[in-house]
**Student:** 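Right, I'll just put the structure down here and ask away after.
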Amino acid sequence: MNGAKAILKALEMQGVEIIFGHPGGTIMPTYDALYDSPIRHVLVRHEQGGIHAATGYARASGRVGVVMATSGPGALNLVTGLQDALMDSTPVVAITGNVPQHLIGTDAFQEADVVGITQPVTKHNMQVRNVNDIPRAIAEAFYIASTGRPGPVLLDFPKDVQLAEFTGSFDVEIDLPGYKPTYKGHPRQIERALEALNRAERPVLMIGGGAQHASAEVTELALKTGLPVIPTLMGLGAFPGTHPQCLGMPGMHGSVAANRAIQYADTILAIGLRFDDRVTGKISRFAPNAHTVIHVDIDPAEIGKLVKTSIPVVGDAKWVAAELVKGAKRLNLGKWWAQLEEWKTKYPFTWKPKPYLQSQEVIQAFWEATGGRAVVTAGVGQHQMFTAQFFKFDRPRTWINSGGLGTMGVGLPFAIGAALARPDELVIDFDGDGSFQMTLQELATLKKLNLNVKIVILNNGFLGMVRQWQDLFHARRYSEVYLADSNPDFAKLAEAYGIPGFTLTDKGRLQETVKEVLAQPGPVLLEARVHHEEGVFPMIPSGGAAEDMIIENPREAVAGD
Amino acid sequence: MRHLVSVLVQDHPGVLQRVAGLIARRGFNIESLAVGRTHQEGLSRISLVVSGDDAVLEQVEKQLNRLIEVIKVTDHAEPHVERELALVKVSIAGMEERMEVKDIAEAFRARIVDVAKRSIIFELTGDSTKVNNFIEAMRPYGLLEVMRTGAVGMSRGEQVLKVREKKAV
Ligand SMILES: Cc1ncc(C[n+]2csc(CCOP(=O)(O)OP(=O)(O)O)c2C)c(N)n1
């Protein structure tokens, strides 16, 4: 058996079923071994599509996503996706080929310092230089990627290592003296957290992406205590979005109720989130009335990094939430809820109906038509925020977007990965005309796999979110954001790949079009031509605080439309 | 505030780059970094001198701990020994100056390791303040070259930096 076969055997032993990848010179021995392997390979059209698909697969399933690429250009095409997975704590293992060891450092053909370049964008990475180290390296990579705070791990295999005769053992022990994640929170801190909750008059429960796997436990905690729940963009779905206790997401485009609740809260229980600046706004003005912040996170480095924490709990959200449930009591929050209800009713996410088609109503129509039974992905921009606002996520792992890095182009590859991870689910990618064009080559992959993915391009003819900022903060100087004059006919583009394409321009035909799209089996692309004037509101300008929230589009307030 | 931090690491290829890269990326200010093997196979030890308040120091320690190959991090707040080695080449104009410079060196317990017609190399160990003071004392005579290793440190007494016992995850 050579190294390449050992790589695949070790992957098989990790339970890997699918690899997303693209071949090339230095990874060819492993592709040769793949030819006889039971592991399924999905040939993407660009390595970035591969890493995003692996990420979508991981986020939808909770399992480790695997991507494979050749050296140099192939491996470097993974960089954005690695950072995306790192920032959104997603378990991914990337396997790259490299030039044979005797050529390393000689500027050989397709050589790049991939381990050096990907060091800051991975949880861990290494080059495997000895063929007999393969099983241990792969076992450790999966262990590191999937435990503690999950993240991407890259393993680089020089070609000679793939070709060398393997004489080692697959019976390996993981030995990582510097890596011992803490799962069980400290009992004393959990006790203190419960005491603080019992004393609180205006508490909130904030949950982030780190609570997705702890959905059952945080939901139970919320139901038992009666706490108002604020899921961040990454936490959506970990607690049912349609539940009356859900205030919606906080932050830049969050709900008035969520942002005001944080502004007035005296106690914050935060589980599995990292107080991103898009959530907090100006940090010195964040949650000014919270005398107690309880922060539960498996990564000790997140605790106290940005927000002063009174009760730190280092541990797994699932474990800690279950412990909290045991000791939790029904809290007496009548007065607080009266205030929250008022904000909720007075300021729901909403839009002013116009004679033209609007993104918000398209998303709402899909939500209604599917009863919310879908796994949803998005690109980055206004359409992403509209989706987060108007598609109510009731189940964990059903909203897969790029929160930390804000990577345009993730929508389609995330959807492909998610559809492979959850073949029983309908997958909808709400995409932007700009974002979609960054990875649209994966239409070929989608066609080949014939997955149940509905692509809904909310085409506003602009880089809409940038245009919105230009509107508000750059005196409407629309520098380089216009796309409409050179956008393709998206339906025809889909047809060119053999995917049915629909175009919707007429508001009156919205409901029937949605039905038509959903009735069609397999992949479908719908281009919804929406108006470019629509803005995402509420909005807290970058660097502002909850008090600075712009609730309605100021242009409409002034011009009265 | 100046902190001396010791980091025990697995001596894998690239580990120094990992530590240095992290420090740079997170915008921490470091004055010096020194590295060397330990008596235990596979383990190296890095000394960092970091400036910042307690919150910065806490982040430095926590972020370093996130690196898989970092086994243990200690901020030497407790009584500890700190040493730095410096080689200082001073230019010498004449006999009189040579005598003066030697007197200063003696006061600092610096050793002469090279003597030439117009220069002397001194070797000095001590904490960073002592090294700074020596360099300043020599400056008027003309410093030709200065090479410092950066501070290294160790806790006094029985306290040691070691691999944690294996505990169940
Ligand atoms: C790769 C990448 N480049 C640039 C940006 C900056 N950016 C954020 S939103 C946006 C506009 C996105 O336009 P589109 O996908 O059409 O979505 P819309 O905002 O119009 O809904 C841009 C350019 C980004 N997030 N990612």
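Keep in mind the model is a prediction, meaning the values are calculated, not measured. Throughout, a chain's letter reflects where its sequence line sits, starting with A, and its residues are numbered from 1. Hydrogens, waters and symmetry mates are skipped; everything else that's a heavy atom, side chains included, is used.
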**Student:** Please check if atom CZ in B:Arg25 has more than 12 non-hydrogen atoms from other residues, nucleotides or ligands closer than 6.0 Å.
**Tutor:** yes

**Student:** Rounded at 0.5 Å granularity, tell me how far CG in A:Asp299 sits from NZ in B:Lys62.
**Tutor:** 8.5 Å

**Student:** About how many Å separate NZ of A:Lys305 and CD of B:Gln59, when rounded to the nearest 0.5 Å?
**Tutor:** 7.0 Å

**Student:** Below 4.5 Å from any heavy atom of chain B, which atoms of A:Asn125 appear? Answer side chain, backbone, both or neither.
**Tutor:** both

**Student:** Can you tell me if CD on B:Glu106 sees more than 12 non-hydrogen neighbours from other groups inside 6.0 Å?
**Tutor:**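 Counting other residues, nucleotides and ligands, CD of B:Glu106 stays at 12 neighbours or fewer.
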
**Student:** Above 12 or not: heavy atoms from other molecules or residues under 6.0 Å from CZ of B:Arg118?
**Tutor:** no

**Student:** Where does B:Glu58 contact chain A at under 4.5 Å (heavy atoms): side chain, backbone, both or neither?
**Tutor:** side chain

**Student:** How about B:Gln17 and A:Gln119: do any of their side-chain heavy atoms sit closer than 4.5 Å?
**Tutor:**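 In short, these two side chains touch, coming nearer than 4.5 Å.
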
**Student:** Would you say B:Pro13 and A:Arg129 make side-chain contact, with heavy atoms under 4.5 Å?
**Tutor:** yes

**Student:** Return yes when atom NZ of B:Lys130 has more than 12 non-hydrogen atoms of other residues, nucleotides or ligands closer than 6.0 Å, and no otherwise.
**Tutor:** yes

**Student:** Is it the case that more than 12 heavy atoms not belonging to B:Glu96 sit under 6.0 Å from its CD atom?
**Tutor:** no

**Student:** Select, from B:Arg66, B:Gln63, B:Arg18, the one with the greatest count of heavy-atom pairs under 4.5 Å involving chain A.
**Tutor:** B:Arg18

**Student:** Has B:Glu136 got more than 12 heavy atoms of other residues, nucleotides or ligands less than 6.0 Å from its CD?
**Tutor:** yes

**Student:** Could you tell me which portion of B:Leu67 (side chain, backbone, both or neither) has an atom closer than 4.5 angstrom to a non-hydrogen atom of chain A?
**Tutor:** backbone

